[in-house]
Number of protein chains: 2
Amino acid sequence: MARGSTRPTSRDVAQAAGVSQAAVSLVLGDKWRGRVSEPTAQRVRDAARRLGYRPNLAARNLRLGRTRTVLLVVPALTTEFFAEVYTGAARVAAQHGFGVVLYPSPEGVGPARDPFASAQAALDGVIASSMAADALTAIRGDQLPLVMLDSDPEGSLGAATVNLDITDGIRQVAEHLLALGHRRFLHLAADVPSWTFEIRARALAARLADTPGTTLRTARAPISVDGALAATETALAAPGPRPTALVCDDDKLAVGAYKAARRAGLRVPDDLSVTGLDDLGLATAIDPELTTVRLDAELFGERGMRALLAVMEGRTPEEGDIPVHLVVRGSTAPPPHD
Amino acid sequence: MARGSTRPTSRDVAQAAGVSQAAVSLVLGDKWRGRVSEPTAQRVRDAARRLGYRPNLAARNLRLGRTRTVLLVVPALTTEFFAEVYTGAARVAAQHGFGVVLYPSPEGVGPARDPFASAQAALDGVIASSMAADALTAIRGDQLPLVMLDSDPEGSLGAATVNLDITDGIRQVAEHLLALGHRRFLHLAADVPSWTFEIRARALAARLADTPGTTLRTARAPISVDGALAATETALAAPGPRPTALVCDDDKLAVGAYKAARRAGLRVPDDLSVTGLDDLGLATAIDPELTTVRLDAELFGERGMRALLAVMEGRTPEEGDIPVHLVVRGSTAPPPHD
DNA sequence: CCCATCAAGTTTTACGTATAACGTGCTCCG
DNA sequence: CGGAGCACGTTATACGTAAAACTTGATGGG
């Protein structure tokens with residue numbers, strides 16, 4: 001007889017079905033083969049449904065010593081990129097009976113401070129992107145299984161890493177622009193201390209160093225349309241021959257670059273070719289549509305979760321960076337004649 | 001003496017400090033005034049820090065019968081809108097010692113099926129947006145405190161609701177366009193069965209009905225750039241006088257409308273005025289910048305969480321819709337002369 | 001001087017679950 | 001016909017925490 005106000009427990013179900021609480025646990029946990037007869041099992045299932053029984057997860061977690069919950073630490077949710085990473089991770093997690101709790105760094109893009117304080121959840125593991133070393137060591141000290149997304153393989157304190165092959169993406173961008181005939185490059189770099197942006201700069205510089213006669217200048221901007229607008233405007237007004245190709249660290253910066261070009265009276269792509277990186281919905285919303293590097297954010301999240309599952313089970317995570325590929329659209333063209 | 005492999009418990013701390021487990025619980029729970037001496041309390045705190053003790057949340061949740069965790073059910077994370085709702089809700093939640101678990105409907109925009117199956121978490125309450133009635137009754141049956149976002153006040157089964165004043169937003173749009181001189185309207189409506197879209201149509205029709213000489217046609221599209229492009233193209237090619245003002249249910253649809261206009265050889269805003277609704281980052285990324293209705297998504301999330309806190313504490317949630325306001329940019333202008 | 005009060009703890013219990021360990025009859029084989 | 005084994009359960013216990021109920025020794029007021 002249920003008391004009505006509080007949620008039914010397995011004991012309530014047991015009483016309703018005329019069996020012991022242990023029998024209920026066995027039947028509902030699918031561990032009853034050869035231990036409970038089929039008719040009895042059916043009685044239990046009926047009673048559970050009738051009472052609307054759902055197991056108390058806190059009790060189960062305590063008993064089993066695990067929570068089937070993992071934390072995803074992301075820099076922010078200001079674009080759909082990390083939302084998609086979450087979606088991918090959550091899908092794989094759900095397939096394995098796990099839930100994902102999201103922790104977007106309150107400071108926005110940049111290092112996360114204390115991912116545990118506000119994540120009011122007991123955790124079995126952590127997937128972290130762009131995290132500061134101190135928070136990282138805190139997690140390591142907790143002995144929690146950890147997977148890092150897009151992080152320096154050397155500096156991640158031995159944690160497993162899953163990376164997008166950004167280096168190759170930038171190389172493809174450079175290759176494309178060089179083939180079009182560009183020689184004077186401007187790099188619009190995100191002013192954020194993060195491995196994933198560092199390697200963009202390195203990859204671009206490395207590829208251009210292989211082709212004599214090329215020049216590379218760099219402008220830095222915070223990741224915002226207005227920041228990119230200002231930085232690009234300044235860079236375009238600098239003395240000397242104007243760059244003909246503008247390589248942006250991500251799509252959002254490219255939007256700012258479009259605006260700066262327009263203000264400077266330059267047409268994209270006739271006077272200035274622009275490239276992005278991410279392939280957000282933004283890329284096809286603007287005119288001309290943006291030539292950019294497609295990052296499969298959902299796959300990124302999936303791979304991250306899969307790697308975490310591997311770590312938690314003591315297996316070795318899948319190796320290899322996630323391939324990315326250039327999507328050529330209308331924002332790149334041969335450079336103008338002098 | 002810690003066993004090294006497993007996480008320290010309050011009992012380990014007790015042993016290290018030479019007190020009972022109860023004393024540890026009292027001290028660390030800040031309930032020790034007049035029950036434990038200051039020196040002893042200090043010993044406990046030191047031991048806890050030394051061992052790196054963090055309480056087992058599963059055990060705490062079981063003991064206290066609450067989890068300080070709530071679920072946020074959203075249609076999808078394909079735009080930054082619900083990401084911001086989450087951010088706002090999570091911030092308020094953190095201030096009150098709550099965590100927020102996200103449940104993006106796997107079906108994308110539209111009704112959510114079973115929010116509990118994959119949310120591997122014990123919950124104290126639910127905030128739900130655009131949810132199907134069946135899942136809603138499931139939650140109600142669970143007796144969980146519930147707050148609905150942007151839902152029909154009549155049809156929410158008595159749950160508390162927090163709504164944006166969309167009706168007023170559309171009214172402002174209509175007012176603006178009418179003042180510019182527009183009389184022939186096209187409504188690009190989201191083809192999604194949801195209260196929040198229904199009231200857009202009603203509000204627009206209601207306002208135009210008040211001004212004689214106006215006409216209103218409606219095109220329906222799924223919420224995607226391509227869908228909006230196709231629907232708008234068809235609508236613009238229809239016989240009869242062409243509409244001069246295109247009111248879109250959200251910003252994403254407006255992007256598709258821009259593309260359709262461009263393909264039809266129409267200039268925005270000279271030949272066709274376009275409005276959106278949301279004021280996503282998208283709105284200022286496109287050219288011309290979009291006249292739209294600014295929705296404060298973070299505030300929406302905050303209000304939702306605050307309302308849920310009120311419901312959980314047996315208080316009455318704050319009344320009143322959240323005001324929205326028109327942001328006039330470059331996509332609207334007086335209609336062309338015949 | 002004796003009981004009430006109080007500080008400073010300790011002992012015990014309950015939360016709901018999963019499962020190891022422990023009964024019961026009954027069947028069936030040697 | 002005796003007991004080994006099986007089918008079908010039950011009883012008991014542990015997970016780690018919070019807090020109610022209890023203990024103990026000292027103090028102090030009437």
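Letters A, B, ... are given to chains in the order of the sequence lines, protein chains preceding strands, and every chain is numbered from 1.
In summary, contact between chain A and DNA chain C, defined as any nucleotide atom under 4.0 Å from a heavy atom of the protein, begins and ends at C:dG16 to C:dA21 in the 5' to 3' direction.
Judged by distance alone, with hydrogens and angles left aside, the side-chain atoms of B:Thr78 form no donor-acceptor pair with the main-chain N or O of B:Ala76 at under 3.5 Å. Side chain of B:Asp124 to backbone of B:Arg68: a donor-acceptor contact under 3.5 angstrom is found. When atom types are taken as modelled, the side chain of B:Asp12 and the backbone of B:Thr9 share a donor-acceptor pair closer than 3.5 angstrom. Of the possible donor and acceptor atoms, none in the side chain of A:Asn163 sits under 3.5 Å from a partner among the backbone N and O of A:Asp321.
We find that CG of A:Leu26 is positioned 13 Å from P of D:dT11, with the value rounded to whole Å. For B:Leu64 and D:dT17, the CG to P distance is 12 Å, given to the nearest whole Å. To the nearest angstrom, P of D:dC15 lies 18 Å from CG of B:Leu57. Between the CZ atom of A:Arg35 and the P atom of D:dA7 there is a distance of 12 Å, given to the nearest Å.
Here the side chain of A:Val36 is nearest to one of D:dG9, D:dT17, D:dA14, namely D:dG9. Here the side chain of B:Gln21 is nearest to one of D:dT17, D:dT10, D:dC15, namely D:dT17.
At least one side-chain heavy atom of B:Arg303 sits less than 4.5 Å from a side-chain heavy atom of B:Glu318.
A:Asp46 has a carboxylate O that lies under 4.0 Å from a charged side-chain N of A:Arg49, or vice versa, which qualifies the two as a salt bridge.
As judged by a 4.0 angstrom heavy-atom cut-off over every strand, B:Thr9 is placed among residues touching the sugar-phosphate backbone only. Using a 4.0 Å heavy-atom distance criterion, A:Ser37 is classed as a sugar-phosphate-only contact.
Sequence order on DNA chain D of the closest nucleotides to A:Ala22 and B:Gly29 puts A:Ala22 first from the 5' end. Residue B:Thr40 is the one, among A:Ala23 and B:Thr40, whose nearest nucleotide of DNA chain C lies closer to the 5' end (criterion: closest heavy atom).
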